[in-house]
Every structure is written in structure tokens, then in C-alpha cells.
Amino acid sequence: MSQYIQNPRSSCALGGAFATVSRVDGIIPIYHTGPGCGLQTASTGGYPTNVVGSGIPSSNMLEKQVVFGGINRLRDEINGALEVMQADLFYVLTGCAADIIGDNTTDLAEEYKDAEVPIIFMETGGFKGNNLVGHQLVMESFANKIAKKDFQKQDNLVNLFGIVPGHELAWAGNIDEITRLLEKLGLKVNNFFVPGQGVASIQNSSSAALNIICTPWLLKNVEKVYEDNFNIPALRYPGTPIGPTATGIFLREVGEALHLEEALVENVIAEEEAKTYAYLEAASRNLTRYRMGIVGDTNTIIGITKFLANDYSQIPVVIIDTDDVVKKEDKEKIIAELTDLEYGGTPDVFFEGDQWKIRDTLRKYNLTMILGSTYEKETAGELGIASVTISSPSTDRVVLNHKFAGYEGCITLVEDTYYNY
């Protein structure tokens with residue numbers, strides 16, 4: 001039986017596909033969907049880089065197209081987009097209606113195989129799953145359809161995967177910070193999604209020496225495609241590295257995987273730690289220990305929990321993962337990361353996306369601070385305790401390049417805990 005979910009935190013597969021392709025400079029999505037899909041996915045997926053708001057080319061299927069087929073309407077929309085929009089690549093993304101009636105986009109793709117601007121067709125009906133499913137489908141298509149087949153290896157080139165655009169609140173800033181640190185190791189980083197990257201970075205991803213995948217459970221198929229097609233090994237770090245302890249481990253693992261000079265890696269870590277610990281020492285003079293509840297996506301809760309417990313003397317009491325993690329082995333990995341902490345207590349871990357159940361759980365723990373989404377800010381207000389917005393959705397703060405990752409990100413997180421009540 002279907003279950004109702006109060007205040008879902010994720011979009012559908014189409015929304016995840018849109019959030020992914022629209023944040024690559026030079027790619028413009030074209031929807032083959034009903035007229036409501038553009039507005040819904042644009043609003044739930046955040047603001048894309050190169051398509052403003054809900055201004056998405058769309059076939060806007062109505063009853064006529066659902067009954068008699070919408071391929072002719074889609075063809076007209078593609079021709080219009082080719083005429084008036086400048087792009088390096090178009091992605092045609094289908095919605096539920098088009099997939100259910102079986103519109104034959106495969107044959108239509110043949111018509112455009114020699115188009116001046118390349119066009120990729122994908123079936124991304126929302127019923128396939130949530131936004132994380134859509135993200136993974138697109139990332140797999142990047143590897144299969146865009147990455148160059150005639151590649152030449154570059155020993156200092158790495159691909160950075162696992163931080164999902166529009167899903168993690170601080171995704172752009174986190175990518176920037178991790179990229180900054182990897183560049184200090186002398187590496188060139190393909191991350192696809194921040195300004196300055198684009199289609200060329202996806203094309204060149206087949207030349208990388210290593211895939212760095214910051215997630216304990218996503219992108220397993222993408223990892224396999226890059227390994228099978230391009231012989232690129234993967235280093236999987238379980239979440240977002242936040243703070244001196246986790247970031248030091250992360251950088252040392254990268255150094256070992258790429259056989260970098262140990263002295264170089266240690267010098268970078270020492271330089272970053274000296275500055276970070278100076279700030280943390282200053283903050284600790286006014287340190288208040290909280291009984292914390294942490295709510296959000298997998299990467300965010302792992303990174304923040306480890307930093308707060310291992311580096312900043314805080315006490316995570318209950319942690320709620322709002323991602324739709326299905327497999328038992330994936331849940332076990334996440335729980336292991338969240339409970340292997342350098343303090344005496346072990347937080348309780350739950351997997352839940354329903355806002356009513358999340359609120360009910362948080363009320364049971366006598367918390368003094370909640371780190372979560374805007375929804376949890378409401379719960380904190382009811383309980384009369386402090387709160388910090390660290391996960392999506394967020395309607396109480398604008399996040400552009402705010403970061404939690406790495407060394408600089410942990411300082412902004414500490415600042416948030418002092419004033420973001």
C-alpha cells in the first residue's frame with residue numbers, strides 16, 4: 001500500500017536529472033512533459049546555473065498529446081530550441097506522461113544525430129524514483145555518451161563525484177572547497193557543476209587518473225562504467241569531509257591512491273590545520289556544549305556529525321538520514337560511519353523522510369540544539385531550543401557558495417551555530 005509522506009524533501013527522477021544537467025555550463029535541458037513539471041522540478045531542485053527559474057524549453061504535453069502521442073510536439077520544441085537558444089549540448093528529458101504512453105524518442109533521436117548541436121535523449125519519468133535516481137541516470141549517461149572514447153591519461157587529473165547538485169544545501173561551496181584542497185596537492189579537478197567547468201570537463205573525464213567519490217552508497221553504476229570503459233580506479237570516501245580530522249584522512253587517502261609525495265600532502269595538511277585550529281581555539285573560549293539532533297542527507301549528516309564529535313566537543317544524540325536508502329548493506333555502512341566517533345556516547349540513527357515522524361522522534365530526546373532543514377527550525381521553535389539550517393529544504397536562508405566541507409567549511413559551520421538560531 002502507498003504511504004503518505006508529510007513535506008517530502010526530494011524531487012522525482014526528472015527533477016534530479018534536471019538539477020544535474022542544468023548545472024553544467026553549456027547544457028540546456030528540453031522537457032517532454034506536462035506543463036506542470038517544469039515549475040515543480042525547478043522550484044524543488046533549486047536554481048540552475050544556465051536556465052533561470054522555470055524558463056525551460058518544454059513540449060508541454062496536454063490531453064491531445066497524451067491520447068495521440070507527443071512526438072510531433074516535441075520535434076517542434078527541439079527545432080525551436082535549436083533556433084533560438086545557444087548551447088554546447090541539449091538534453092531531452094521525458095516525464096511520466098511521455099514514458100507511460102511510450103513516445104518513441106529513440107527514433108526521434110536518429111533524426112537529430114547530425115544536428116549542429118548534439119542532443120541526448122533520456123527517459124526520466126518521475127515514477128522511476130526520487131531525485132537521486134535521476135542524478136545517477138544522468139551521471140551514467142555522462143560517462144557513456146559524452147566522455148571521450150579516444151582519451152589519453154593525465155596523471156594529475158581527477159574526477160570529483162558524489163556531491164549532488166540541488167540536493168545538499170551547501171553543494172556548490174563544498175565542491176569549491178574540496179577542489180581548492182585537491183589543487184593544493186597539484187591536481188586538476190573535474191567536478192562538472194561549478195562555474196568554469198562545462199561539457200569539456202565531462203568529455204575529458206575519461207582521461208582521469210582517479211575518480212574521487214564522496215558518498216558511501218551512490219553512483220556504484222557510474223563507478224563501474226568508468227572502471228570498465230576507461231580503466232579509472234575509484235577512491236570512495238564515505239560522505240563530505242568536514243573539519244581537520246576527516247579532511248586530513250581524506251587528503252592522505254587521495255595522496256596514497258595517486259602515489260603523491262608524502263611530504264607534499266603533509267605540508268598541505270599542516271598549513272591548513274594551523275589556521276583552522278587557531279580559529280577553533282578562539283571559538284572554544286565561548287564554547288557551549290549542546291545535546292544535538294542532526295537531520296539531513298547522508299553526506300551532510302556524516303560530515304557534520306564527525307566534525308562536531310571528533311573536533312569540536314559536541315554531543316550528537318540522535319541523527320536522522322532523510323535520503324531514501326533502501327539496501328540493508330548501505331544502511332549498515334552509514335550507521336557505522338555515524339557511530340564510530342571519538343567520544344563515549346553512541347547516537348541513535350534513524351532513516352526517515354516523513355516530517356511528522358521526524359518531529360515526533362526529535363521530541364523524545366531532550367535536545368538543546370537541532371541541525372537540520374527549515375522544517376526542523378520550526379520544530380526547534382516549538383521546543384524553545386536553538387537551531388541551525390544545514391540541509392535542504394531551506395526557506396530561511398539563501399545559500400549560494402556557503403560551505404561546510406574541508407577546513408574553511410568547518411569554520412563557517414561553527415559560526416552558524418553561534419548566530420543562526
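Because the structure is a prediction, the values reported are computed rather than measured.
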Peer 1: Looking only at heavy atoms, which two atoms of R236 and W217 are closest? And how far apart?
Peer 2: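 Distance-wise, the nearest heavy atoms are NH1-N, 3.8 Å.
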Peer 1: Crowded around K331 NZ? As in, over 12 foreign heavy atoms under 6.0 Å?
Peer 2: yes
Peer 1: Just wondering, more than 12 heavy atoms not from E266 lying within 6.0 Å of its CD?
Peer 2: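 Atom CD in E266 is packed in, count exceeds 12.
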Peer 1: Identify the two heavy atoms, one from P35 and one from M61, that lie closest to each other, and give their separation to 0.1 Å.
Peer 2: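 Heavy-atom minimum between the residues: CD-O, 3.3 Å.
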Peer 1: Who pairs with N60 by side chain to side chain donor-acceptor pair (under 3.5 Å), at least two apart in sequence or on another chain?
Peer 2: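 With neighbours one apart ignored, the set is S58.
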Peer 1: Looking at K328, I'd like to know if its NZ atom is crowded, meaning that more than 12 non-hydrogen atoms belonging to other residues, nucleotides or ligands lie closer than 6.0 Å.
Peer 2: no
Peer 1: Considering residues, nucleotides and ligands other than E382, do more than 12 of their heavy atoms fall under 6.0 Å from its CD?
Peer 2: yes
Peer 1: Could you tell me if the side chain of V317 sits less than 4.5 Å from the side chain of M292, heavy atoms only?
Peer 2: no
Peer 1: Is the closest side-chain heavy-atom distance between L280 and Y312 below 4.5 Å?
Peer 2: yes
Peer 1: If you count heavy atoms of other groups shown closer than 6.0 angstrom to NZ of K224, is the number above 12?
Peer 2: no
Peer 1: NZ/K220 to CD/Q136 distance, rounded to the nearest 0.5 angstrom?
Peer 2: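 If we round to the nearest 0.5 Å, K220:NZ and Q136:CD are 9.5 Å apart.
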Peer 1: Taking E332 first and then K327, would you say they form a salt bridge - that is, a charged N and a carboxylate O separated by under 4.0 Å?
Peer 2: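 No, E332 and K327 are not salt-bridged.
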Peer 1: Looking at N401, I want to see if its CG is surrounded by more than 12 non-hydrogen atoms of other residues, nucleotides or ligands under 6.0 Å.
Peer 2: yes
Peer 1: Is there a side-chain contact between L132 and S10 (heavy atoms, below 4.5 Å)?
Peer 2: no
Peer 1: Flag the pair I202 / V24 as yes when at least one side-chain heavy-atom distance between them is below 4.5 Å, and no otherwise.
Peer 2: yes
Peer 1: Taking only Lys NZ, Arg NE, NH1 and NH2, and the carboxylate oxygens of Asp or Glu, determine whether K188 and E183 approach each other closer than 4.0 Å.
Peer 2: no
Peer 1: Look only at the side chain of R291 and the backbone of Y365, and say whether a donor-acceptor pair between them is shorter than 3.5 Å.
Peer 2: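 Confirmed, R291 side chain pairs with Y365 backbone.
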Peer 1: How long is the gap from CG on L160 to CD on Q197, to the nearest 0.5 Å?
Peer 2: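 Nearest 0.5 Å value for the CG-CD distance: 9.0 Å.
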Peer 1: Using modelled atom types only, decide if a donor and an acceptor are shared between the side chain of N131 and the backbone of C12 within a distance under 3.5 Å.
Peer 2: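 Side chain of N131 to backbone of C12, a donor-acceptor pair under 3.5 Å: no, none is there.
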Peer 1: Quick one: does T247's side chain have a donor or acceptor within less than 3.5 Å of a partner on P244's backbone?
Peer 2: no
Peer 1: Looking at every heavy atom in both Q314 and Y290, which two are closest together, and how far apart are they?
Peer 2: OE1-N, 2.8 Å
Peer 1: Which is it for H167 and N299 under the side chain to side chain donor-acceptor pair (under 3.5 Å) test, yes or no, and what are the steps along the way?
Peer 2: CA-CA 10 Å; H167 183 66; N299 277 3; over 6 Å; no
Peer 1: Nearest 0.5 angstrom please: E77 CD to L82 CG, how far?
Peer 2: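 It comes to 10.5 Å.
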Peer 1: Using modelled atom types and a 3.5 Å cut-off, is there a donor and acceptor pairing between side-chain atoms of N267 and backbone atoms of A263?
Peer 2: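 At least one qualifying donor-acceptor pair exists.
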Peer 1: Is T305 reaching over with its side chain to a backbone N or O of I302, donor-acceptor style, under 3.5 angstrom?
Peer 2: no
Peer 1: Would you sort out whether L258 and L187 count as a side-chain contact (heavy atoms from CB on, under 4.5 Å), showing the intermediate values?
Peer 2: CA-CA 10 Å; L258 292 170; L187 302 175; 3.7 Å; yes
Peer 1: Evaluate whether atom CD of Q86 has more than 12 neighbouring non-hydrogen atoms of other residues, nucleotides or ligands under 6.0 angstrom away.
Peer 2: no
Peer 1: Between R180 and E177, does at least one N-O distance fall below 4.0 Å, as a salt bridge requires?
Peer 2: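 Salt bridge present between R180 and E177.
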Peer 1: Charged N to carboxylate O under 4.0 angstrom, K184 versus E272?
Peer 2: yes
Peer 1: Give me the atom names and distance for the closest heavy-atom approach of A87 to V117.
Peer 2: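 What the structure gives for the nearest pair is O-CG1, 3.6 Å.
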Peer 1: Please report the interatomic distance CG(L74) to NE2(H32), rounded to the nearest 0.5 Å.
Peer 2: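 If we round to the nearest 0.5 Å, L74:CG and H32:NE2 are 5.0 Å apart.
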Peer 1: If only atom types and distance count, is the side chain of T20 paired as donor or acceptor with the main-chain N or O of G16 below 3.5 Å?
Peer 2: yes
Peer 1: For L108 and I78, run side-chain contact (heavy atoms from CB on, under 4.5 Å): C-alpha distance rounded to whole Å, both residues' side-chain angles, the deciding distance at 0.1 Å, then the answer.
Peer 2: CA-CA 10 Å; L108 186 62; I78 293 172; 4.1 Å; yes
Peer 1: Below 4.5 Å, heavy atoms only, C-beta onward: do N130 and S11 meet side chain to side chain?
Peer 2: no
Peer 1: For a 4.5 angstrom cut-off between non-hydrogen side-chain atoms, does I232 reach K153?
Peer 2: yes
Peer 1: Measure the shortest side-chain to side-chain distance between V349 and D321 over non-hydrogen atoms and say whether it is less than 4.5 angstrom.
Peer 2: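 No; the side chains remain at least 4.5 Å from each other.
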Peer 1: Looking at I213 and A234, what are the two nearest heavy atoms and their distance?
Peer 2: CD1-CB, 3.9 Å
Peer 1: With a 3.5 Å cut-off and no angle check, do the side chains of T215 and Y237 form a donor-acceptor pair?
Peer 2: no
Peer 1: Going by atom types only, do N159 and Y226 share a side-chain donor-acceptor pair under 3.5 Å?
Peer 2: no
Peer 1: Please answer whether the main-chain N or O of T298 pairs with a side-chain N or O of D323 as donor and acceptor at a distance below 3.5 Å.
Peer 2: yes
Peer 1: Is the centre of the F192 ring less than 6.0 Å from the centre of the F161 ring?
Peer 2: yes
Peer 1: Verify the neighbour count for atom CD of Q6: are there more than 12 heavy atoms of other residues, nucleotides or ligands below 6.0 Å?
Peer 2: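 Count over threshold, so yes.
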Peer 1: Could you verify whether a donor N or O on one side chain and an acceptor N or O on the other, from S373 and R9, lie under 3.5 Å apart?
Peer 2: yes
Peer 1: Just by distance, no angles: are the side chains of N174 and T240 close enough, under 3.5 Å, to form a donor-acceptor pair?
Peer 2: no
Peer 1: Is it true that a side-chain atom of S206 and a backbone atom of F151 form a donor plus acceptor pair closer than 3.5 Å?
Peer 2: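 Not a single qualifying donor-acceptor pair exists.
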Peer 1: Before giving the answer on side chain to side chain donor-acceptor pair (under 3.5 Å), spell out for D396 and T389 the whole-Å C-alpha distance, their side-chain angles and the decisive distance to 0.1 Å.
Peer 2: CA-CA 8 Å; D396 63 294; T389 303; 3.0 Å; yes
Peer 1: Would K403 and D176 pass as an ion pair if we require N to O under 4.0 Å?
Peer 2: no
Peer 1: Closer than 3.5 angstrom, by distance alone: can the side chain of D103 be matched with the main-chain N or O of G70 as a donor-acceptor pair?
Peer 2: yes
Peer 1: Which is it for S141 and M122 under the side-chain contact (heavy atoms from CB on, under 4.5 Å) test, yes or no, and what are the steps along the way?
Peer 2: CA-CA 9 Å; S141 77; M122 288 193 64; 3.6 Å; yes
Peer 1: Indicate the atoms forming the closest heavy-atom contact of S201 with N190, along with that distance.
Peer 2: O-ND2, 3.1 Å
Peer 1: Atom CZ in F90, atom CD1 in I119: separation rounded to 0.5 Å?
Peer 2: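 Taking CZ in F90 and CD1 in I119, the distance rounds to 7.0 Å.
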Peer 1: Going from CD1 on I146 to CG on N204, what distance comes out if it is rounded to the nearest 0.5 angstrom?
Peer 2: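 I146 CD1 to N204 CG: 12.0 Å, rounded to 0.5 Å.
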Peer 1: Between T33 and T94, is there a side-chain heavy-atom distance shorter than 4.5 Å?
Peer 2: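 Not in contact.
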Peer 1: Side chain of T322, backbone of G296: donor and acceptor closer than 3.5 Å?
Peer 2: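 Yes, the answer is positive, given that a donor and an acceptor are paired below the 3.5 Å cut-off.
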Peer 1: Tell me whether R359 is salt-bridged to E378, with the criterion being a basic N under 4.0 Å from an acidic carboxylate O.
Peer 2: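 Salt bridge absent between R359 and E378.
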Peer 1: When you check the gap from the basic side-chain N to the acidic O, do E337 and K306 get nearer than 4.0 Å?
Peer 2: yes
Peer 1: Only one of I319, T300, I301, I390 clears side-chain contact (heavy atoms from CB on, under 4.5 Å) with L371; which?
Peer 2: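 Of the listed options, the one satisfying the test is I390.
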Peer 1: Examine the side chains of T245 and D311 and answer whether a donor and an acceptor come within less than 3.5 Å of each other.
Peer 2: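 The criterion, which ignores hydrogens and geometry beyond distance, is satisfied for D311 and T245.
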Peer 1: Evaluate side-chain contact (heavy atoms from CB on, under 4.5 Å) for H402 paired with R397, printing each intermediate quantity in order.
Peer 2: CA-CA 11 Å; H402 198 78; R397 68 186 301 181; 3.2 Å; yes
